[in-house]
Amino acid sequence: MSSNFLVVLGYILANNMKTMKKLLMMILICAPFLTVAQEQEYKERFEQLGSMLPTPNSYRTASGAPGENYWQQKADYTIKVKLTESSNKITGSETITYYNQSPHPLNYLWLQLDQNMRAEGSDSELVSNATFFNDTIPAKYLEQYVANGGSSYDFPGGFNIESVKNAEGEDMDYLVQKTMMKIRLPQTLKPGENISFSIDWNYFVNDRMKGGGRSGFEYFEEDGNSLYTIAQFFPRMAVYNDVEGWQNKQFLGSGEFALTFGDYDVEITVPDDFIVGATGMVQNPKEVLTKEQAKRYEKALKSTEQTFIVTEEEAIENEKDKSTNYETWKFKAENVRDFGFAASRKFIWDGQMVELESTKPFAQSFYPKEGNPLWEKESTKAVKNTLVLYSERTFDYPYPQATSVHAASIGMEYPMICFNFGRPDENGEYSVRTQLGMTYVIVHEIGHNYFPMIVNSDERQWAWMDEGLNSFLESNVMFEYYPDLPYSDNIPQAVTGYMKSSKDQQRAIMTNPEQVLRLGPNAYSKPAAALNLLRNTIMGPELFDESFKAYAQRWMFKHPTPADFFRTMEDASAVDLDWFWRGWFYTTDHVDISVDEVKYFRIAQEESDMEKNANAPKGDLGEGETEELNTDFSDGPSYISVSNTPDFWFGEYRSKVDDDAIKARYADKHFYEITLSNEGGLVSPLLFTIEYTDGEKEEKYIPAEIWRKNEGKTRKMLILDKEVSKIVFDSEGDLADTDKSDNVFPKEEGKTKLDKFKEKGE
Ligand SMILES: [Zn+2]
């Protein structure tokens, strides 16, 4: 912007008495709307995050990248587990080799015992806030809602730890502390050392249809078979890192997992007519499959066409007889943070290879006949679509396979395998809603392979780091691959209801998931909508995608924190987003920008133009009365007379200022001064749809820095070639503005801000 131009604008404000008067009036009029509390509250929205972020160090740098001394632990597992069908019991033994790659000596280790959430008297149940909110509750909910996954329904849940032994087979000293287990080491585990120890355990698998849960079984009465989705089934190493030390916060049910990477060698023993899907690749397909199936499996791995390994006919035949002989499926997985599996004699199994730029993972699905015809049509396809888009936006899927398993009523993720709802009715018919739900849950849970299975954030502390980032990419898959499904989640327009709801019902995104009041909007849709806003409107797809990819690639197979994400997004883009993180992630403010007034100016060409201003109706103001703001353009423009620049301005180059040329340049322009209030507290960029009197439309984007000196009120002058008939703020809802009624000028139905204020006050 040239300095000459500023001179003109300065004159508009300084030399026009009517403008001055209106400005004064505006201040008077607006005073009641900004309470003292609001004014204070609305300061510092543009301060840098500064001390709110942890001090950078040699583990985590100020750029958001891992530092030169970044370290993380490693835990390798050899697990043998048996699923006894008659008793629904898991019996297991594991050997964990734990590598202390930290610079610290360790005297004890912490492991997670998640099944203990289901043990009698568990904290999950004791601290449940469940109450009857009205006088009727469906029987099913009574069990699930009041019991809250605890012991109120008659079920002997929880791990039974049989033994903990060192490499020599001697008993080790340990403490079960609710959902965590501490192993007291006889000797300090020094930096660079590793230790192997073995645990034997058993537990009863929960019936998901009774007590709910992320894992468990569903029993099908018609054929007397169960479908097992088994996870959190073994004692797992907690994370020890530079940020938390041991992440040993108890598992209450909402805050998920913080787990260490390692290699897994797992043997799963099940009835010999079961089909098993799991984390990793099956090592002995020829032993556990029929000859024909093993051949199809080999073919499927290399085919980009959907290939059936177990057909529906075979599955229906298979579920009729119940073998009591057992056989062992062997799996291996490298560099994963967890292990899950699914087993049933009901499984149909299909798969196909997906060609990514540098990898060729196998997309596969396991489902009972009850999932068809929907599942054979949509599941593996959804896995493939997810891998393609997520890989474009982050890194090529590094694992050899990705599995979608059909499990009623849940969506739950583990490395390379996830359990997903979406079932047609008994006749195989399904609604668009069912197809939509099934599709996005598969996209979402497969997407979790990237966040948090590979970009391994701490779910127990920050649910949004995996759920929010993942829901954002989920929405991008849905919009790109499923434009015909009625998907409208995780975008700015979808969260306005939540964001303007009572602040008693909200917590900032930067809140532990156990304290969050509504986990869905809080950890999923609000952060996802924020990222869609950031990508589509504030940064633009190119800059956003490059920065998001930088974050994903910097932290793949590592443990990032929120600051690493916030910092990388700025570091890679040169966009100052501190105000954005501050507003969207650290507060419960919402976007509500009001277009208070639009003033229209033109440059007077003749003396008579100025007289039009004098004739404009003013009304007689009595004592205590204030002039009303413009509500429309009916008064026409106010005229500005542009005088010659005084000699004492720009004295040193006054001779170079061509007043006539400046006047000529702006003679035909239309000046619009828009006054805006920030009523929701969350600062927002400005996006105007401008309609001209000739019927044409134009969009104008103004970055959020327009608010940097006053977060409560701002003005913007637009200099346009044509006369405007209408200006609308956030006409499409892309900025998540929660109150559309004050976004339009001319004001609709002649409502002034004062009217609205009075209405609100009643
Ligand atoms: Zn999720």
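Atoms within a ligand are numbered from 1 in the order they appear, just like the ligands themselves. Because only heavy atoms are used, hydrogens play no part in the values below, and waters and symmetry mates are left out as well, while side chains stay in.
- Taken to the nearest 0.5 Å, the CD atom of Gln505 stands 9.5 Å off from the CZ atom of Arg507.
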For residues 226-233, dump all side-chain donor-acceptor pairs below 3.5 Å to protein atoms at least two apart in sequence or in another chain.
residue	atom	partner	partner atom	Å
Tyr228	OH	Asn88	OD1	2.5
Thr229	OG1	Gly216	O	3.4
Gln232	OE1	Tyr414	OH	2.3

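- For Glu467, the N, O or S atom closest to the Zn ion (ligand 1) goes by the atom name OE1.
- Here Glu445 fails the criterion, with no N, O or S atom under 2.8 Å of the Zn ion (ligand 1).
- We find the CE-CH2 distance between Met569 and Trp581 to be 5.0 Å, quoted to the nearest 0.5 Å.
- Taking the ring centre of Tyr498 as origin, the terminal cationic atom of Arg518 falls outside the region bounded by 6.0 Å and 45° from the ring axis.
- Nearest to the Zn ion (ligand 1), among the N, O or S atoms that His444 has, is NE2.
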